[in-house]
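Right, one structure below, let's go through it.
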Amino acid sequence: CLLRAACRTAPSFASFLAAALRSACLDIMQRFASFGRNQVLRRVMSSSGRKPLTPSSVLRDVKYELRGPLAERALAKERAGTPVLKCNVGNPGAFGFGVPQAIRDAYVSGWEESIPYVHQKGLVEAREEIVRHYQGRNHPDAKPITTDDIWIGNGVSELIMMSMRCLLEPGDEVLIPSPDYPLWTASVRIHGATAVHYDCLPSNAFFPEIEDIRSKLTEKTRAIVLINPNNPTGAVYPAEIVQQIVEIAENAPQGPIPIFSDEIYDQLTFPESPGHTPTANFVSKSMCVTFGGLSKVWRACGWRTGWAVHSGNRDDAAAYYAELDKMAALRLCSNAPGQTTIHAALTQENEAKALVSDGGRLNEARRAVVETVAESKYMRVHAPQGAMYAFVEVLFDNFDDVQFALDLVDRKSILVVPGSGFNVPYRNHFRITLLPQPDDLRKAFVSINELLEEYAAERGL
């Protein structure tokens, strides 16, 4: 009662009290997290009288901050009645981006066809269309792509997991960009292998450091991963960089190693970019696996329709193909209704180009971010060249990106992803999606700058 009375009569005391409680709660959470795993289990067991259900230790080093505790915190705030601008996930449909009408029509007309299970690799008609779409990207010295080289999955995410499951043994290594889309690192670690991160530094516009890749290639390296256009940075790699990475893979000391090229944003490049260069263009001695799908370019995330296209040299891939087919068969088939739309998606003129062109909504959102960041003395950003994100740097020493993201939710009702969630060694970046309306992004960055001004005042800057 006394505390309530003090809060009513002294708002500043209320703010102080709220901050103190928030700090105390975070301290308690950190102290709890510092307990050994066995201590926690013993406490649970002693309180319930039962042995707790213990999770697999394989997941201990797997993280995915895009939908972790921060997102739950934002959800709790919304349930309490406060709207939150959720800029943590590249989910176009949540921001009013529609699926092209021709694809919607195909979904409806293919409904009856998609009721039964389909082939584990995907509808033949859909795979034939993917072959036609990607054949021109194949290296001239590589044998032509056929439907046998295509797997359709429940989004690219499932196909990445399946690919790593069929490739890796404990102790293997996979070269992955840093920063990366965290599913790549997770998919390696969850199968007992080691993710070896190669540098894509802010000082080099987030382009891969070729010599760093060379220096980290060992006899244990089973594959190299590219993400181009890049999530989270928005970098679009020049053709010569893509070619140099392919040359490293094809001249590995143990012989050519596979290249996994995540190109889900391939048609989302801004006019200032060099344009997207398919990795498969340069691959003749290694196997190249190119990932694409309906989620980003065609904005149909919820339909979970992705594909993996195998090109380059597949002469020694028969055993790998057999295991990949087994993994596909274990889940019977992927989302059949989404597959019925692939022909329409790959044969119609794509509206994505208008979104990234001058005056297009994504381009205007990009401009809003770049301009508002430029007005702040606490932030800077490399203008995204593609995809639908910006990776923003905060110009403070000893910055805690996780605490910042928590404060941003609590104080400003904006949800972003801490940069450290993308497997980088630094903690002074955050990723924000370009999907909100440009004016909403401008307002969001005004609020972000206000929070950083509060930080500066607390630090006496």
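Counting from 1, the numbers follow the sequence of the chain as shown.
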Looking only at atom types and distance, does a side-chain atom of [X] sit under 3.5 Å from a main-chain N or O of [Y], one as donor and one as acceptor?
X	Y	answer
K77	V84	no
R222	L167	yes
D172	E169	yes
K412	I448	no
N335	W303	yes
N230	I227	yes
N428	F399	no
S334	T305	no
T290	S261	no
N88	L415	no

Got a sec, which residues hit side-chain hydrogen bond (donor to acceptor under 3.5 Å, both in side chains) with [X], two or more places apart in sequence or on another chain?
X	value
R442	E371
R127	none
D212	K216
E158	N154, R331

Partners meeting salt bridge (charged side-chain N to carboxylate O under 4.0 Å, His left out) with E323 (sequence neighbours left out): K326
Cationic N near anionic O, under 4.0 Å, E364 to R361: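 No.
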Any side-chain heavy-atom pair from [X] and [Y] closer than 4.5 angstrom?
X	Y	answer
N449	E453	yes
L123	I342	no
M388	P92	yes
P83	S413	no
P384	P229	no
V99	Y107	no
V89	T433	no
L355	R299	yes

What closest approach, in Å, do [X] and [Y] show between heavy atoms, and which atom pair accounts for it?
X	Y	value
P232	D180	CD-O, 3.8 Å
P179	V424	CB-CG1, 3.4 Å
I264	G292	CD1-C, 3.6 Å
P182	G421	CB-O, 3.6 Å
P436	A365	O-CB, 4.1 Å
F207	V236	CE2-O, 3.4 Å

Residues that N363 engages under side chain to side chain contact (heavy atoms under 4.5 Å, CB included), provided they are two or more places apart: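 Only F270, P271, D358, R366 meet the side chain to side chain contact (heavy atoms under 4.5 Å, CB included) criterion with N363.
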Intermediate values then yes/no, side chain to side chain contact (heavy atoms under 4.5 Å, CB included), E454 and L451: CA-CA 5 Å; E454 293 171 21; L451 177 59; 3.8 Å; yes
Pair D401-V394, side chain to side chain contact (heavy atoms under 4.5 Å, CB included): steps then yes or no: CA-CA 9 Å; D401 60 348; V394 177; over 6 Å; no
Could you state the interatomic distance from [atom1] ([X]) to [atom2] ([Y]), rounded to the nearest 0.5 Å?
X	Y	atom1	atom2	result
D400	S420	CG	OG	8.0 Å
E450	R411	CD	CZ	12.0 Å
Q348	N350	CD	CG	10.0 Å
D266	T277	CG	OG1	11.5 Å
I150	K121	CD1	NZ	8.5 Å
H276	E263	NE2	CD	3.5 Å

Which word best sums up how the rings of [X] and [Y] line up, parallel for under 30°, tilted for 30 to 60°, or perpendicular for over 60°?
X	Y	result
F206	H382	perpendicular
Y134	W307	perpendicular
H310	Y320	tilted

Side-chain donor-acceptor contact under 3.5 Å, D105 with Q101: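 The answer is yes; a qualifying pair exists.
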Intermediate values then yes/no, side chain to side chain contact (heavy atoms under 4.5 Å, CB included), L346 and W298: CA-CA 10 Å; L346 297 182; W298 289 277; 3.5 Å; yes
Working for side chain to side chain contact (heavy atoms under 4.5 Å, CB included), residues F97 and L362: CA-CA 10 Å; F97 289 86; L362 282 178; 4.1 Å; yes
Passing option when F291 is tested against W184, Y181, W151 for ring pair (Phe, Tyr, Trp, His ring centres under 6.0 Å): W184
Within 45° cone and under 6.0 Å: R459 NZ/CZ vs F396 ring: yes
